[in-house]
Amino acid sequence: MSSPIAKNLASIQEQVNRACDSVQRNPAEITLVAVSKTFSVVDIQAAYDLGLRDFGESKAQELQTKVHHLPNDINWHFIGTLQSNKAKHVAEMSTTIHTIENERQLREIDKQDRTIDGFIQVNIASESQKSGILIESLDTVLSYVLTSHQVRFLGLMTIGPPVQNPEESRPYFRKLAELNQQANGTMLSMGMSNDFDVAIQEGATHIRVGSALFGKR
Ligand SMILES: *Cc1c(COP(=O)(O)O)cnc(C)c1O
């Protein structure tokens with residue numbers, strides 16, 4: 001009997017392959033970011049043993065604990081709200097930050113000496129109370145990112161509005177892909193457990209999948 005995580009991973013990979021086939025993309029273009037926030041070091045180690053190397057965390061303290069207890073060839077993706085007073089420390093522990101949205105974060109990231117990859121988080125549906133920048137601010141924030149010494153700009157990221165049917169996410173993903181092209185982004189972070197296949201069809205290169213892999217939080 002294979003473990004629940006192994007079964008889940010197999011079915012995610014099958015879904016990724018199917019989504020890629022449907023739009024003639026190569027599955028090798030897709031990075032599965034296993035969103036491990038709230039899950040234990042044991043669960044993460046199990047996913048690691050199945051071959052995963054990219055994990056997503058949303059809190060600085062939790063990330064720090066996990067970094068110390070897990071293998072050092074893991075690529076840690078920071079996907080939570082990034083307080084500027086923690087940005088330097090988060091950058092020291094991460095390979096990629098998906099949630100850049102202001103100049104203060106960048107100034108803090110630039111104070112440490114590692115080069116990291118960065119996505120700008122966009123609030124694509126202009127939802128109130130949602131993190132990420134509004135589309136109108138993209139040019140300004142992009143100019144800060146492009147002048148950062150330590151952040152290599154990859155592209156845009158979004159958390160779409162909650163949907164019942166994954167098809168409802170498509171227009172938002174399509175819009176983000178368009179903006180990403182205008183911004184000369186080469187990577188695109190979008191799609192979660194319930195809609196990553198639609199995100200892949202719309203051009204995602206990084207899908208952030210938590211509950212479909214590890215189970216309910
Ligand atoms: C929690 C989280 C995810 C994963 O959500 P699931 O629905 O569990 O796949 C993806 N992206 C971000 C930014 C998150 O906070």
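We count ligands from 1, going down the list as the structure has it; atoms in each ligand are counted the same way.
- No more than 12 heavy atoms of other residues, nucleotides or ligands lie within 6.0 Å of OH in Y172, so this atom counts as exposed by the packing criterion.
- Ring orientation note: the planes of F119 and H206 are nearly perpendicular, at an angle over 60° on the 30°/60° scale.
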Can I get a per-line list of side-chain donor-acceptor pairs under 3.5 Å for residues 87-96, giving both atom names and the distance, sequence neighbours left out?
residue: H89; atom: NE2; partner: Q64; partner atom: OE1; Å: 2.7
residue: S94; atom: OG; partner: V90; partner atom: O; Å: 2.8
residue: T95; atom: OG1; partner: W76; partner atom: O; Å: 3.2

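- Contacts of R25 classified as salt bridge (charged side-chain N to carboxylate O under 4.0 Å, His left out), with partners at least two apart in sequence or in another chain: E29.
- Listed as neighbours of ligand 1 are V35, K37, I79, M157, I159, M192, S193, R208, V209, G210, S211, R217, each bearing a heavy atom under 4.0 Å from the ligand.
- Look at E127 and K130 and you find a salt bridge, because one of the NZ, NE, NH1 or NH2 atoms lies within 4.0 Å of a carboxylate O, short of that distance.
- R104 is linked by a salt bridge (charged side-chain N to carboxylate O under 4.0 Å, His left out) to nothing, counting only residues two or more places apart in sequence or in another chain.
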